[in-house]
A.B. asks: 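Here it is, the structure, as structure tokens.
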Amino acid sequence: MDTDVVVIGAGLAGLQCARRLQRSGLTVQVLEKNDAVGGRVRTDRIDGFLCDRGFQVLNPSYPAVRKFIDVAALGLQRFGAGVVVRNSEGLMSLTQPLRRPSANVTAVRNGLLDLRDLRALARWLGPTLLRATSASRATRDTTLAASLDEAGATGRLRREVIDTFLAGVLADSSGQSSANYARLLVRSFALAIPGLPQAGMGALPTQMAASLEQPPQLETPAQNLRETTSGVEIDTDHGRLLARTAVVAVGPESLNDFTEEPNPATHGLTTWWFSAPEPPLREPYLVVDASKPGGGPAGPVWNTAVISNIAPSYAPAGGHLIEATTLLDRPDGRADETAVRRHLEQIYGTSTSRWQVLAHHVIAHTLPATPPPLVDRSPQRISDRVFVCGDHRDTGSIQGALVSGDRAAHAIVGVLGSADPQPEDA
């Protein structure tokens, strides 16, 4: 045997699986088809700017992040505790009431913040806020849209902020995602303010890979996976690997390439990255558009942010970085640059003529679809010697990817046994 375990894919789930296997004393080799680790969590450096592939944030409230990641070493730069809304009255800031209560006076006066909606949202989230398992293990689940309707959240705050914000988080504008899953995500935002690592989101998988004794083999796609009477065989351009067992940790769109499992349904988005000589906004908030009559965006952009206000390290000195997200489940999800610029001018109330496009990332498989009822513990052992991990086997998030990778490793240790385990680390 060349190794105890081969992990196919160096995304977050695969890396966490490999780290846990290594700590359990097993030998592990990670194969990655791309030129860097991270899977969907990658960062491009362009003209001194950091452009993540897909709009992503790191939430330090995730239990798996607290347990497995050295967040302090990442130098997390946090968003402001709120959101900016573009509606018919202009740009309006909404902040967490306990942090800046006076900042919401205007929103209260014009009816965006309504007591009935606030009470309804409290009813909708309340039990989950106190205990996460009350949502993830609930026997009754329904769609996000139906659950908010049932709670009585039907006012402007729902239509102009909540629906648009969650559509961007879920990469799903239909409102048909699991309500229980949405509650878990909102809970994580309520417990901690997310941020961006100093070196970009790609610093997260880079940190994880650095703890592996045997670095992932980059630009080494696995071509075949076969079970034998004694283990598994994996073909690569560099030869054949023999192992006692294998973990398929590829993206959901590639699962069927290595297993008989069907590829899970996914949602997608695109991100546009612009550099600008001046920032169109000075605040470190996410901006959502609700200027269409009845709520929702009046163009292809569902959320945007001046990223350099939030994370100065993402731009060179004197530079300003703006991100804009479109959703691929919308007819205008693949809108061209002209349409995106036009919409950004409406949102920010300024010209974009001097902005330069740095990158346009189309991420067709951003997140696994999560319809109700929420299933966050899918089987990971699919045959005698093959296991699967990824956020599609748990929840579609960094939390889900880390937990799934760790659970797969524990299951393998239960089968193969543990040899000279190492102590726990970050």
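Note: hydrogens, waters and symmetry copies are ignored here, and every other heavy atom, side chains too, is used.
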A.B. asks: Classify the side-chain pair Tyr314/Asp52 by whether it contains a donor and acceptor separated by less than 3.5 Å.
C.D. replies: yes
A.B. asks: Taking Leu374's backbone N and O only, do any of them form a donor-acceptor pair with Asp141's side chain (distance below 3.5 Å, no angle check)?
C.D. replies: yes
A.B. asks: Pairing donors with acceptors under 3.5 angstrom, does anything connect the side chains of Ser173 and Trp302?
C.D. replies: no
A.B. asks: With no hydrogens and no angle check, is any side-chain donor or acceptor of Asn256 less than 3.5 Å from a backbone partner on Thr259?
C.D. replies: yes
A.B. asks: Side chains of Val388 and Phe258: closer than 4.5 Å at any heavy-atom pair?
C.D. replies: no
A.B. asks: Within the side chain of Ser404, is there an N or O that forms a donor-acceptor pair under 3.5 Å with the backbone of Gly400?
C.D. replies: no
A.B. asks: Ignoring hydrogens and geometry, is there a side-chain-to-backbone donor-acceptor pair from Arg159 to Gly295 under 3.5 Å?
C.D. replies: no
A.B. asks: Could you go through Thr220 and Glu32, starting from their C-alpha distance and side-chain angles, then the distance that decides it, and tell me whether this counts as side chain to side chain donor-acceptor pair (under 3.5 Å)?
C.D. replies: CA-CA 5 Å; Thr220 306; Glu32 171 56 49; over 6 Å; no
A.B. asks: For Thr270 and Thr326, test the side chains for any donor-to-acceptor distance below 3.5 angstrom and give the result as yes or no.
C.D. replies: yes
A.B. asks: State, without any angle test, whether Thr266 and Glu253 hold a side-chain donor-acceptor pair at a distance under 3.5 Å.
C.D. replies: no
A.B. asks: Within a strict 4.5 Å, meaning less than it, do heavy atoms of the Ile307 and Ile322 side chains meet?
C.D. replies: no
A.B. asks: Check the side chains of Ser61 and Asn59 for a donor-acceptor pair under 3.5 angstrom, ignoring hydrogens and angles.
C.D. replies: yes
A.B. asks: What is the minimum heavy-atom distance between Ala249 and Gly14, and which atoms define it?
C.D. replies: CB-CA, 3.6 Å
A.B. asks: Can you check whether Val6's main-chain N or O pairs, donor with acceptor, with Thr3's side chain at less than 3.5 Å?
C.D. replies: no
A.B. asks: Please tell me if the side chains of Ile8 and Val247 come closer than 4.5 Å, counting only heavy atoms from C-beta onward.
C.D. replies: no
A.B. asks: Within the side chain of Arg45, is there an N or O that forms a donor-acceptor pair under 3.5 Å with the backbone of Leu50?
C.D. replies: no
A.B. asks: Have Ser397 and Tyr181 got a donor and an acceptor in their side chains that come within less than 3.5 Å?
C.D. replies: no
A.B. asks: If you take all heavy atoms of Tyr285 and Ala81, which pair is closest and at what distance?
C.D. replies: CE2-N, 3.6 Å
A.B. asks: Main chain of Leu225, side chain of Asp235: is a donor-acceptor contact present, judged purely on distance under 3.5 Å?
C.D. replies: no
A.B. asks: Apply the test side-chain contact (heavy atoms from CB on, under 4.5 Å) to residues Leu344 and Trp355: give CA-CA distance (whole Å), side-chain angles for both, the deciding distance (0.1 Å), then the verdict.
C.D. replies: CA-CA 11 Å; Leu344 289 171; Trp355 294 14; 3.9 Å; yes
A.B. asks: Any heavy-atom pair between the side chains of Arg330 and Pro300 that's under 4.5 Å?
C.D. replies: no
A.B. asks: Using 30° and 60° as the class boundaries, would you call the ring planes of His360 and Trp272 parallel, tilted or perpendicular?
C.D. replies: parallel
A.B. asks: Start with the C-alpha gap between Phe274 and Leu321, add the side-chain angles, then the distance that decides, and say whether side-chain contact (heavy atoms from CB on, under 4.5 Å) holds.
C.D. replies: CA-CA 6 Å; Phe274 297 89; Leu321 180 64; over 6 Å; no
A.B. asks: Look at Arg40 together with Asp391 and state whether they make a salt bridge at an N to O cut-off of under 4.0 Å.
C.D. replies: yes
A.B. asks: Is Gln176 close to Pro371 at the side-chain level, that is, under 4.5 Å between some pair of heavy atoms?
C.D. replies: no
A.B. asks: Evaluate the side chain to side chain donor-acceptor pair (under 3.5 Å) criterion for residues Asp4 and Thr27: first the C-alpha distance (whole Å), next the side-chain angles of each, then the deciding distance (0.1 Å), finally the verdict.
C.D. replies: CA-CA 5 Å; Asp4 289 322; Thr27 58; 3.1 Å; yes
A.B. asks: Is the distance between the ring centroids of Phe189 and Phe165 less than 6.0 Å?
C.D. replies: yes
A.B. asks: Working note: Ser174 + Asp172, criterion side chain to side chain donor-acceptor pair (under 3.5 Å); need CA distance, chi angles, decisive distance, verdict.
C.D. replies: CA-CA 6 Å; Ser174 70; Asp172 176 14; 2.7 Å; yes
A.B. asks: Using a strict threshold of under 4.0 Å (side-chain N to carboxylate O), is an ion pair present between Arg377 and Asp394?
C.D. replies: yes
A.B. asks: Apply the test side-chain contact (heavy atoms from CB on, under 4.5 Å) to residues Thr164 and Glu160: give CA-CA distance (whole Å), side-chain angles for both, the deciding distance (0.1 Å), then the verdict.
C.D. replies: CA-CA 7 Å; Thr164 306; Glu160 298 187 16; over 6 Å; no
A.B. asks: What's the shortest heavy-atom distance between Asn303 and Val301, and which atoms?
C.D. replies: O-CG1, 3.3 Å
A.B. asks: Quick test of your reading of the model: are Glu261 and Arg393 salt-bridged, counting only N-O distances below 4.0 Å?
C.D. replies: yes
A.B. asks: Between atom CG of Leu286 and atom OG1 of Thr304, what is the distance when rounded to the nearest 0.5 Å?
C.D. replies: 8.0 Å
A.B. asks: Drop me the distance from Leu212's CG to Arg23's CZ, to the nearest 0.5 angstrom.
C.D. replies: 9.5 Å
A.B. asks: Quick one: do the Glu345 and Thr350 side chains pair a donor with an acceptor below 3.5 Å?
C.D. replies: no
A.B. asks: When rounded to the nearest 0.5 angstrom, what distance separates CG in Leu94 from CE in Met92?
C.D. replies: 7.5 Å
A.B. asks: Check step by step if side-chain contact (heavy atoms from CB on, under 4.5 Å) holds for Cys389 and Arg407.
C.D. replies: CA-CA 8 Å; Cys389 67; Arg407 284 198 298 116; over 6 Å; no
A.B. asks: Do any N or O atoms from the side chain of Asp332 and from the backbone of Ala335 form a donor-acceptor pair under 3.5 angstrom?
C.D. replies: no
A.B. asks: Verify the distance criterion only: is there a donor paired with an acceptor across the side chains of Arg19 and Gln16 at less than 3.5 Å?
C.D. replies: yes
A.B. asks: Over all heavy atoms of both residues, which pair between Arg240 and Asp2 is shortest? Give the atoms and the distance, please.
C.D. replies: O-OD2, 3.7 Å
A.B. asks: State whether the number of non-hydrogen atoms from other residues, nucleotides or ligands found under 6.0 Å of Arg226 atom CZ is greater than 12.
C.D. replies: yes
A.B. asks: Say you draw a straight line from CG of Leu185 to OG1 of Thr395; how long is it, rounded to the nearest 0.5 Å?
C.D. replies: 7.5 Å
A.B. asks: Is it true that Arg42 and Asp35 make a salt bridge, defined as a side-chain N closer than 4.0 Å to a carboxylate O?
C.D. replies: yes
A.B. asks: Between Ser378 and Gln380, do the side chains contain a donor N or O and an acceptor N or O under 3.5 Å apart?
C.D. replies: no
A.B. asks: Which pair of non-hydrogen atoms, one from Val250 and one from His392, has the smallest distance, and what is that distance?
C.D. replies: O-NE2, 3.9 Å
A.B. asks: For Arg66, does the CZ atom sit with more than 12 other heavy atoms under 6.0 Å from it, leaving out its own atoms?
C.D. replies: yes
A.B. asks: With a 4.0 Å cut-off on N to O distance, would you call Arg341 and Glu337 a salt bridge?
C.D. replies: yes
A.B. asks: Side-chain contact, heavy-atom cut-off 4.5 Å: His267 with Thr366?
C.D. replies: no
A.B. asks: What is the distance from atom CZ of Phe79 to atom CD1 of Ile193, rounded to the nearest 0.5 Å?
C.D. replies: 11.0 Å
A.B. asks: For a side chain to side chain donor-acceptor pair (under 3.5 Å) check, start with the C-alpha distance between Gln22 and Ser24, then their side-chain angles and the critical distance, and finish with the verdict.
C.D. replies: CA-CA 5 Å; Gln22 177 179 281; Ser24 298; over 6 Å; no
A.B. asks: Less than 4.0 angstrom from a charged side-chain N to a carboxylate O is my criterion; do Asp44 and Arg53 meet it?
C.D. replies: yes
A.B. asks: Is any side-chain heavy atom of Ile69 closer than 4.5 Å to a side-chain heavy atom of Leu74?
C.D. replies: yes
A.B. asks: Does Arg156 pair with Glu89 as a salt bridge, N-O distance under 4.0 Å?
C.D. replies: yes
A.B. asks: May I ask you to check whether over 12 heavy atoms, not counting those of Asp47, lie within 6.0 Å of atom CG?
C.D. replies: no
A.B. asks: Might you point out which heavy atoms bring Val30 and Ala18 nearest each other, and give the distance in Å?
C.D. replies: CG2-CB, 3.6 Å
A.B. asks: Is there side-chain contact between Leu12 and Met208, with heavy atoms separated by less than 4.5 Å?
C.D. replies: yes
A.B. asks: Do Arg86 and Asp289 meet the salt-bridge criterion of a basic N to acidic O distance under 4.0 Å?
C.D. replies: no
